[in-house]
Amino acid sequence: MLLERLDQPPPDLEARTGWAIKPEGACRAEACVPLKQPFDVRDMAERLGMALIHDPDHDVWALGSPAGGRALTSAELPDIVLPDRHGRDFALRSLRGTKVFMIAWASW
């Protein structure tokens with residue numbers, strides 16, 4: 001979810017993640033995780049294992065769902081080389097600076 005402020009809970013946090021901010025902390029079902037006061041999304045993201053990435057050009061933040069301890073630390077695409085439809089190597093870095101529309105598909 002996209003955020004413009006870090007000092008207040010996102011209004012749709014519970015609907016999107018199941019976590020509600022209560023006086024005792026971030027709660028989902030019977031589990032509550034204490035949070036620092038005053039509220040800060042950075043603290044909540046760290047304690048709940050959610051990725052939080054900042055886009056300084058547009059001054060917005062993106063909060064991801066819990067990642068089980070394997071959250072990305074940036075929105076930077078790693079250096080990946082994949083075969084194109086002819087079987088030749090294609091480096092995704094060659095697209096840097098251009099807009100890309102990527103479609104992913106899986107049979108399962």
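Position 1 is the first residue of the sequence; numbering continues from there. Computed from a predicted structure; not experimentally measured. Because only heavy atoms are used, hydrogens play no part in the values below, and waters and symmetry mates are left out as well, while side chains stay in.
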Applying salt bridge (Lys or Arg N to Asp or Glu O under 4.0 Å), name anything that partners [X], two or more places apart in sequence or on another chain.
| X | answer |
| --- | --- |
| Arg28 | none |
| Asp7 | Arg5 |
| Asp89 | none |
| Asp84 | Arg88 |

Note, [X] side chain near [Y] side chain (heavy atom, < 4.5 Å):
| X | Y | value |
| --- | --- | --- |
| Met44 | Ile21 | yes |
| Met1 | Leu13 | yes |
| Trp61 | Leu52 | yes |
| Phe90 | Ile80 | no |

[atom2] on [Y] to [atom1] on [X], rounded to 0.5 Å:
| X | Y | atom1 | atom2 | value |
| --- | --- | --- | --- | --- |
| Ile53 | Leu63 | CD1 | CG | 10.0 Å |
| Asp12 | Leu2 | CG | CG | 10.0 Å |
| Glu4 | Asp59 | CD | CG | 8.0 Å |

message: I need the full list of disulfide bond (SG atoms under 2.5 Å apart) pairs touching residues 24-58, with sequence neighbours left out, sorted by first then second residue.
response: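 For residues 24-58: Cys27-Cys32.
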
- request: Using the rule that two of Ile, Leu, Val, Met, Phe, Trp, Tyr join whenever any of their side-chain heavy atoms come within less than 4.5 Å, decide whether Val81 and Leu92 are in one cluster.
  value: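 No, Val81 and Leu92 fall in different hydrophobic clusters.
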
- prompt: Pro10 and Leu3: which non-hydrogen atoms are nearest, and at how many Å?
  reply: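 Result for this residue pair: CG-CD2, 3.4 Å.
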
- request: Compare every heavy atom of Pro34 with every heavy atom of Arg47, then report the nearest pair and how far apart it is.
  value: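 Reported closest heavy-atom pair: NH1-O, 3.1 Å.
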
message: side chain to side chain contact (heavy atoms under 4.5 Å, CB included) for Val33 and Trp19? Distances and angles first, verdict last.
response: CA-CA 10 Å; Val33 176; Trp19 290 99; 4.1 Å; yes

- prompt: Which residue pairs pass the salt bridge (charged side-chain N to carboxylate O under 4.0 Å, His left out) test with at least one member in residues 98-108, sequence neighbours excluded?
  reply: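 Residue pairs with at least one partner in residues 98-108: there are none.
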
- prompt: So, Lys36 and Asp40, do they make that salt bridge, N to O below 4.0 Å?
  reply: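 A salt bridge is absent here (no side-chain N lies under 4.0 Å from a carboxylate O).
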
query: Within a reach of under 6.0 Å around CD of Glu46, are more than 12 heavy atoms found that belong to other residues, nucleotides or ligands?
result: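 For Glu46, atom CD is not crowded (no more than 12 foreign heavy atoms under 6.0 Å).
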
